[in-house]
Amino acid sequence: MPAKSRPATSAVIAVRIGAAAPSGPDAPERGVELCWEAGVHRVTVSVHAEDPISRLGVESQLRSRPDLWVVEPGQETTESVALVVIDALDEPAARLLRRLHRAGRAKLVLVPARIDDAGLSLAVEHGVVGVVRRAEASAERLSHIVLAVARGEGALPADLLGRLMAQVGRLQRQILEPRGLTLLGLSTREVDVLRLVADGFDTREIASKLSYSERTVKNVLHGITTRLQLRNRAHAVAYALRNGLI
């Protein structure tokens, strides 16, 4: 009796980078899922929603995109993108964002039906790096946002970005500046001292230029290195330059 032949299927081989990963110029970045289907590299994406209908609907849109690969919630890598689909940023939605942010398993994109300034600030506080309104969440738009976030970019609608910048400006003017602080995480005095250290001036010269005592300059540098857990002033300058603090 002849053996039964297996039905023909289109072969799709999925490889998670980390163990025996492909190499060469076409290999994907570490942690990115690779799907060998006509040589397409896919970014893994998951959908978290308040109801199954919303989740299945968004997943259906994403599966139509050749550059995305939908995975179940909890199966993300640190290079994945998680879409959080909500009506509004109420307390249950905020708890979900906090949980996902603390887990650190994926970059977060919020897909709200509506969002106000307070919700926007809360979303950013909980690690959201992209926002797309549900009314604008076409397959093409979602794909564009997911790919941008996977590359390390932020993605906000223009009006939300403007409102966020206005909030940041108010924070700087009304709260930080009166206390001698900046959005960079350093005080204005610390920034001034670090800039002069970066320019090659020693403690005595810095004290003279800023009209401080040498003890004050040393205390400022000690405070920076202690708070940021840095080894010395050279390490402090390198840290500040790498992170755009000076």
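Atoms CD and CG, on Gln61 and Leu56 in that order, are 12.5 Å from each other to the nearest 0.5 Å. The distance from atom CG of Asp67 to atom OG of Ser143, rounded to the nearest 0.5 Å, is 3.5 Å. Of the inter-residue distances, the one linking Glu136 atom CD with Leu142 atom CG reads 10.5 Å to the nearest 0.5 angstrom. Atom-to-atom distance recorded for His126:NE2 and Leu97:CG is 6.5 Å, nearest 0.5 angstrom. In this structure, OG1 on Thr216 lies 11.0 Å from NZ on Lys218, to the nearest 0.5 angstrom. In this structure, OG on Ser211 lies 13.0 Å from CD1 on Ile206, to the nearest 0.5 angstrom.
With hydrogens and angles ignored, the 3.5 Å screen pairs no side-chain donor or acceptor of Arg233 with any backbone N or O of Val197. Asp199 places no side-chain N or O within 3.5 Å of a backbone atom of Phe201 that could act as its donor or acceptor partner. Not a single donor-acceptor pair under 3.5 Å links the side chain of Ser54 to the backbone N or O of Glu50. Remark: side-chain polar atoms of Arg141 are not paired, donor with acceptor, to backbone N or O of Arg133 under 3.5 angstrom. Checking side-chain atoms of Ser80 against main-chain N and O of Thr77 turns up a donor-acceptor pair under 3.5 Å.
Closest heavy-atom contact between Arg105 and Gly74: NH2-O, 2.7 Å. Taking every heavy atom of both residues into account, Pro73 and Val47 meet most closely at CG-O, 3.4 Å. The two residues Gly130 and Val149 come nearest to each other via the heavy atoms CA-CG2, 4.4 Å. Across all non-hydrogen atoms, the minimal contact from Ala94 to Leu122 is CB-CD2, 3.9 Å. In plain terms, the two heavy atoms of Ala82 and His48 that are nearest each other are CB-CD2, 4.0 Å. Taking each heavy atom of Ile145 and Ala155 in turn, the nearest pair found is CD1-CB, 3.5 Å.
A salt bridge between Glu59 and Arg55 is present, with a side-chain N of the basic residue lying under 4.0 Å from a carboxylate O of the acidic one. Salt bridge absent: Lys209 and Asp192 never bring a charged side-chain N and a carboxylate O closer than 4.0 Å. A salt bridge links Glu190 to Arg227: one of the charged nitrogens lies within less than 4.0 Å of a carboxylate oxygen.
Residues Ser46 and Leu83 are not in side-chain contact: their nearest non-hydrogen atoms beyond the backbone lie 4.5 Å or more apart. By the 4.5 Å heavy-atom criterion applied to side chains, Asn232 and Thr225 are not counted as neighbours. Counting heavy atoms from C-beta on, the side chains of Val217 and Leu210 never come closer than 4.5 Å. A heavy-atom distance below 4.5 Å is found between the side chains of Glu140 and Arg65. In this structure the side chain of Val71 never reaches within 4.5 angstrom of the side chain of Val45, judged on heavy atoms. Contact of the Leu68 side chain with the Leu147 side chain is registered, since non-hydrogen atoms from C-beta on lie closer than 4.5 Å.
Applying the salt bridge (Lys or Arg N to Asp or Glu O under 4.0 Å) test between Lys107 and each of Glu153, Glu76, Glu79 identifies Glu79 as the sole match.
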Audit row: Arg95, Asp90, salt bridge (Lys or Arg N to Asp or Glu O under 4.0 Å) steps and yes/no: CA-CA 9 Å; Arg95 284 199 301 269; Asp90 53 16; over 6 Å; no
Derivation and outcome, side-chain contact (heavy atoms from CB on, under 4.5 Å), residues Asn219 and Glu214: CA-CA 9 Å; Asn219 287 341; Glu214 292 186 34; over 6 Å; no
side-chain contact (heavy atoms from CB on, under 4.5 Å) evaluation trace for Leu194 with Val237: CA-CA 6 Å; Leu194 278 180; Val237 169; 4.1 Å; yes
side-chain contact (heavy atoms from CB on, under 4.5 Å) evaluation trace for Arg189 with Tyr212: CA-CA 10 Å; Arg189 182 167 66 172; Tyr212 295 157; 3.2 Å; yes
Worked check of side-chain contact (heavy atoms from CB on, under 4.5 Å) between Leu108 and Val129: CA-CA 6 Å; Leu108 302 181; Val129 293; 5.6 Å; no
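Atom CD of Gln229 sits in a sparse spot, with 12 or fewer heavy atoms from other residues, nucleotides or ligands closer than 6.0 Å. Around the NE2 atom of His222, the shell of radius 6.0 Å holds no more than 12 heavy atoms that belong to other residues, nucleotides or ligands.
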Can you give the donor-acceptor pairs under 3.5 Å from side chains of residues 109-116 to other protein atoms, not counting sequence neighbours?
residue : atom : partner : partner atom : Å
Asp116  : OD1  : Ala118  : N            : 3.3
Asp116  : OD1  : Gly119  : N            : 2.7

